[in-house]
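Structure first, commentary second.
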Number of protein chains: 4
Amino acid sequence: MEFDSNKPIYLQIIDSLCERILAEEIKEDDRIPSVREFGADIGVNPNTVARSYEKLSDSGIIYNKRGIGYFIAPGAKQKVLEAQKKQFLEEELPKFVARAKLLGISKEELVELI
Amino acid sequence: MEFDSNKPIYLQIIDSLCERILAEEIKEDDRIPSVREFGADIGVNPNTVARSYEKLSDSGIIYNKRGIGYFIAPGAKQKVLEAQKKQFLEEELPKFVARAKLLGISKEELVELI
Amino acid sequence: MEFDSNKPIYLQIIDSLCERILAEEIKEDDRIPSVREFGADIGVNPNTVARSYEKLSDSGIIYNKRGIGYFIAPGAKQKVLEAQKKQFLEEELPKFVARAKLLGISKEELVELI
Amino acid sequence: MEFDSNKPIYLQIIDSLCERILAEEIKEDDRIPSVREFGADIGVNPNTVARSYEKLSDSGIIYNKRGIGYFIAPGAKQKVLEAQKKQFLEEELPKFVARAKLLGISKEELVELI
DNA sequence: GTGGTCTAGACCACC
DNA sequence: GTGGTCTAGACCACA
């Protein structure tokens with residue numbers, strides 16, 4: 001796994017897990033690897049993975065069974081989708097359009113580029 | 001001047017200067033304030049302003065006259081535009097489209113939203 | 001490490017690292033000392049070392065792994081060589097020849113001296 | 001007159017005067033412009049010109065008649081030539097050759113380039 | 001007056 | 001532990 005060094009690794013791990021949930025590679029009540037295992041897999045400190053799991057757990061996307069591991073929460077895909085869609089529509093899209101405008105790219109050109 | 005605490009001040013200073021160059025508020029061979037003056041104006045340490053100036057100087061957007069001050073370089077607007085356009089096309093646009101795709105937004109919907 | 005007081009320390013650090021890259025004492029993906037460690041070693045403030053590292057990072061000679069340290073970038077030797085060769089051919093050589101000419105040294109004499 | 005901002009202007013003025021002496025554009029006992037006049041001509045602060053004159057005066061290349069101005073000293077050309085030739089042979093030439101060697105440029109190539 | 005360099009020390013996010 | 005950013009203040013060369 002390769003990381004964009006401009007973005008914290010723990011956030012990149014979160015993104016990657018969310019994508020896999022959206023793509024249904026992993027589903028409700030599937031177990032995800034332990035922080036140690038996952039960390040070894042992707043060449044990252046287990047502490048960093050733990051931080052990602054903690055954040056996801058906070059937002060109810062995954063849950064923890066003590067002594068067993070982390071699992072995808074029921075309804076996880078919905079939550080992820082909603083959260084991301086909301087953020088996308090309310091924040092990213094307007095920013096993106098504004099930016100293009102500033103650079104002198106018309107909407108027609110933009111549509112073309114897409 | 002107010003700062004978004006999530007972004008380094010020296011980068012915000014760079015952005016703000018670039019915007020003013022794009023808006024042609026400041027033009028080729030105009031002098032920009034000294035690091036001390038500018039720093040005092042916006043309530044920032046002169047060293048921080050100097051850092052911004054140095055970066056801009058490295059990229060050829062401004063230039064220095066010894067003992068006198070910093071000036072907008074000829075062709076500065078061009079350079080700023082190119083740099084930003086390049087970043088937009090090569091980084092932001094692909095990311096944006098990929099993100100939309102992931103969220104199940106079709107190109108038609110996207111065009112609609114824009 | 002000793003410094004020539006006529007040249008900024010941070011530039012001398014850059015030069016020294018470039019030489020060691022050219023000499024292949026340090027190679028691709030080797031880690032270089034942390035700013036604190038290196039600074040202590042050579043009796044220089046860590047900030048000064050950081051400045052050198054930042055410049056080298058900007059030119060793609062080294063890269064950073066978050067929270068871990070700086071590493072020699074792939075192709076670093078190439079980049080250093082190119083940069084230096086370019087500077088030599090475009091700046092030093094013409095200056096040198098012009099200087100010799102001014103002093104009344106003919107090309108034949110110059111070749112002889114070399 | 002244009003200045004290379006990497007070299008102090010007062011040194012560039014010295015160089016330019018030495019060159020004109022070597023080229024015999026100005027000769028022994030010729031008067032050179034007053035600091036004010038020269039400064040205005042080349043768009044430089046008179047203080048800066050004064051600094052150049054002072055240095056040249058120190059090395060006996062020019063001399064001062066109080067209240068009248070600065071003049072090229074007798075034997076100025078000789079002095080300039082000797083000083084520069086000495087510096088050239090003892091410092092610049094070896095440095096130059098060493099640098100070329102370091103960059104993997106053979107003597108034959110170097111001769112070719114010249 | 002200008003910028004350039006350097007030190008010292010602080011706080012932060014990240015690993 | 002790592003680097004990233006910022007402040008404060010010093011000294012210097014240059015104009």
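Residue numbering restarts at 1 for every chain, and letters A, B, ... go by the order of the sequence lines. Every value quoted in this text rests on a predicted model; they were computed, and no experiment measured them.
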[N] [atom2] sits how many Å from [X] [atom1], rounded?
X	N	atom1	atom2	result
D:K55	F:dA15	NZ	P	12 Å
C:E54	F:dG3	CD	C1'	10 Å
C:N6	E:dC6	CG	P	12 Å
C:L11	E:dC6	CG	C1'	13 Å
B:E37	E:dG3	CD	P	9 Å
D:N47	F:dA15	CG	P	10 Å
B:F38	F:dC6	CZ	P	14 Å
C:K65	F:dG4	NZ	P	15 Å

Contact list for residues 12-21 of chain B, test salt bridge (Lys or Arg N to Asp or Glu O under 4.0 Å), sequence neighbours left out
B:K7-B:D15, B:R20-B:E25

Where do D:L56 and D:C18 come nearest, in terms of heavy atoms and distance?
CD2-SG, 4.2 Å

Taking side chain to side chain donor-acceptor pair (under 3.5 Å) as the test, write out the residues that go with C:R51, two or more places apart.
B:E54

What residues form a salt bridge (charged side-chain N to carboxylate O under 4.0 Å, His left out) with D:D29, not counting sequence neighbours?
none

Residue pairs meeting ring pair (Phe, Tyr, Trp, His ring centres under 6.0 Å), one or both in residues 50-69 of chain A, sequence neighbours left out, come to A:Y53-A:Y70, A:Y63-A:F71

Side chain of C:N64 only, please: which of F:dG3, E:dG4, E:dC15 is the nearest?
F:dG3

Without placing hydrogens or testing angles, list every side-chain donor-acceptor pair under 3.5 Å for residues 73-87 of chain B, not counting sequence neighbours.
residue : atom : partner : partner atom : Å
B:K77   : NZ   : B:E24   : OE2          : 2.7
B:K79   : NZ   : B:G60   : O            : 3.0

Under-4.0 Å side-chain N/O to phosphate OP1/OP2 contact, B:S34 with E:dG1:
no

Any side-chain N or O of C:Y70 below 4.0 angstrom from OP1/OP2 of F:dG4?
yes

Can you sort out the partners of D:N45 under side chain to side chain contact (heavy atoms under 4.5 Å, CB included), two or more places apart, ordered by chain and number?
D:N47, D:T48

Identify, with sequence neighbours excluded, every residue that meets side chain to side chain contact (heavy atoms under 4.5 Å, CB included) alongside B:S34.
B:R31, B:R36, B:E37

Just the atom pairs and distances: protein N or O near nucleotides 11-13 of chain E's N or O, under 3.5 Å.
none

N/O donor-acceptor pair, side chain B:N45 with base F:dA8, under 3.5 angstrom:
yes

Quick one: does B:I42's side chain get under 4.5 Å of B:I13's, heavy atoms only?
yes

Between D:T48 and B:P46, which has a closest nucleotide on DNA chain F that is more 5'?
B:P46

Heavy atoms only, 4.0 Å cut-off, all strands: where does A:V44 land among base, sugar-phosphate and nothing?
nothing

Can you give me the bend angle of the helix from E:dG1-F:dC14 to E:dC14-F:dG1? Use the axis through the first five pairs and the one through the last five, nearest 10 degrees.
10°

